[in-house]
Amino acid sequence: AGNFTLDCWFRLSNNVVFHAIWAATADFNGISLAVMPDAKMGVFASSNGSSWDIFCGDVTNTGRGSTTVTPNVWHHYAFVRSGNTWYGFLDGVQDWTATSSATVIDYNGIRQIGRWGNGVNFFTGYIDEFRFSKGIARWTAPFALPTAQYNGTLSVDSYTKLLLHMNGITTAFPDSS
């Protein structure tokens with residue numbers, strides 16, 4: 001039930017399909033993040049491992065952004081939990097917010113970047129500066145976008161649990177956290 005922030009940069013090649021950014025290898029395990037076919041951000045979160053009971057970004061307005069993602073343009077997305085308030089920020093602007101005291105299921109399985117867990121819905125484009133921070137809500141209000149690669153003491157700290165600098169690499173990249 002603690003605070004966290006999941007953020008990254010991404011650039012879509014098109015916006016006519018489901019683009020998975022982050023997902024577990026099986027549905028309903030933890031948190032998943034995607035750009036939906038209508039070019040809106042969708043967040044999925046489960047507390048029970050059998051349904052998207054906290055957020056279901058493709059069906060309901062809960063966990064669903066309202067701002068259109070433009071293809072062939074770099075965007076920054078941040079999914080943030082601060083206490084019982086959850087936020088989605090697109091390009092530093094709050095795109096949605098919701099309140100829930102639910103706890104995301106503790107899932108220790110494999111996570112995938114750039115594809116949905118069922119092996120379909122690949123991300124078509126680029127993802128970079130993928131960071132997961134535990135124990136901190138990095139943003140709870142509109143913010144200025146990061147202008148450089150995450151490194152140094154301002155953006156890599158004890159809260160950073162995963163940091164991937166993709167830098168155009170398409171297959172394997174080291175964790176820089």
Side-chain angles (χ1 to χ4, degrees), residues 4-46 52 54-81 86-98 110-133 138-151 155 160 162-176:
F4 67 84
T5 304
L6 187 144
D7 72 298
C8 68
W9 284 92
F10 67 91
R11 182 176 187 248
L12 294 175
S13 297
N14 64 62
N15 63 354
V16 296
V17 297
F18 183 105
H19 294 275
I21 294 175
W22 165 264
T25 54
D27 277 349
F28 316 125
N29 284 303
I31 297 169
S32 296
L33 173 65
V35 181
M36 306 312 297
D38 65 355
K40 308 288 194 277
M41 296 302 300
V43 172
F44 302 78
S46 176
W52 296 122
I54 304 173
F55 300 115
C56 186
D58 66 345
V59 176
T60 67
N61 289 330
T62 305
R64 175 88 169 193
S66 60
T67 306
T68 300
V69 172
T70 306
N72 299 310
V73 173
W74 280 100
H75 294 280
H76 182 267
Y77 192 75
F79 176 49
V80 180
R81 180 177 188 166
W86 306 64
Y87 303 88
F89 292 96
L90 182 62
D91 296 330
V93 177
Q94 185 177 312
D95 195 30
W96 65 272
T97 187
I110 296 170
R111 306 235 181 241
Q112 299 176 118
I113 296 174
R115 92 175 203 182
W116 199 253
N118 57 9
V120 298
N121 300 318
F122 289 89
F123 187 88
T124 305
Y126 297 94
I127 300 171
D128 200 6
E129 298 306 303
F130 187 94
R131 176 175 63 175
F132 180 76
S133 305
R138 292 195 184 273
W139 302 287
T140 58
F143 58 92
L145 293 175
T147 58
Q149 174 174 294
Y150 291 139
N151 56 25
S155 54
T160 303
L162 176 68
L163 176 59
L164 303 173
H165 305 292
M166 276 76 155
N167 298 333
I169 300 169
T170 60
T171 55
F173 21 83
D175 179 2
S176 300

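Heavy atoms only: backbone and side chains are in, while hydrogens, waters and symmetry mates are out.
Minimum interatomic distance between Asp95 and Gly65 (heavy atoms only, all atoms of both residues): OD2-CA, 2.9 Å. The two residues Ala23 and Arg115 make their nearest non-hydrogen contact at CB-O, 3.7 Å. When all heavy atoms of Gly125 and Ser13 are compared, the closest pair comes out as CA-OG, 3.6 Å.
The distance from the CZ atom of Phe132 to the SG atom of Cys8 is 13.0 Å, given to the nearest 0.5 Å. With values rounded to the nearest 0.5 angstrom, Phe130 atom CZ is found 4.5 Å from Ile113 atom CD1. Going from atom CZ of Arg138 over to atom CG of Leu6 covers 11.5 Å, rounded to the nearest 0.5 Å. A distance of 7.0 Å separates CG of Leu90 from CE of Met41, quoted to the nearest 0.5 Å. To the nearest 0.5 Å, atoms CZ (Phe89) and CG (Asp7) are separated by 11.0 Å. Atom CD1 of residue Ile127 and atom CH2 of residue Trp9 lie 14.0 Å apart, to the nearest 0.5 angstrom.
Side chains of Gln94 and Tyr87 form a contact here, defined as non-hydrogen atoms less than 4.5 Å apart. You'll find the side chain of Thr160 stays beyond 4.5 Å of the side chain of Tyr150, heavy atoms only.
Between the side chain of His19 and the backbone N or O of Ala39, no donor-acceptor pair lies under 3.5 Å. Thr97 places a side-chain N or O within 3.5 Å of a backbone atom of Trp86 that can act as its donor or acceptor partner. Under a 3.5 Å cut-off, the side chain of His75 and the backbone N or O of Thr70 do form a donor-acceptor pair.
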**Message:** Test side chain to side chain contact (heavy atoms under 4.5 Å, CB included) on Val73 and Arg11; report intermediate values, then the result.
**Reply:** CA-CA 6 Å; Val73 173; Arg11 182 176 187 248; 5.9 Å; no
**Request:** Quick one: do Trp96 and Thr67 satisfy side chain to side chain contact (heavy atoms under 4.5 Å, CB included)? Show the steps, please.
**Result:** CA-CA 9 Å; Trp96 65 272; Thr67 306; over 6 Å; no
**Request:** Using the side chain to side chain contact (heavy atoms under 4.5 Å, CB included) rule, take Tyr77 and Val35 through it: C-alpha gap first, then chi angles, then the decisive distance, then the call.
**Result:** CA-CA 10 Å; Tyr77 192 75; Val35 181; over 6 Å; no
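Note: Phe79 and Trp22 fail the aromatic proximity criterion, with ring centroids not under 6.0 Å apart. A ring-centre distance under 6.0 Å is found for Trp116 and Phe44.
Within the structure, every pair that satisfies the salt bridge (charged side-chain N to carboxylate O under 4.0 Å, His left out) test and touches residues 29-39, not counting sequence neighbours, is listed here: Asp38-Arg64.
Taking the ring pair (Phe, Tyr, Trp, His ring centres under 6.0 Å) definition, one finds that Phe122 meets it with nothing, sequence neighbours left out. Applying the ring pair (Phe, Tyr, Trp, His ring centres under 6.0 Å) rule to Trp74 yields no partners; only residues at least two apart in sequence or on another chain are considered.
When only modelled atom types and interatomic distance are considered, Thr68 and Lys40 share a side-chain donor-acceptor pair under 3.5 Å.
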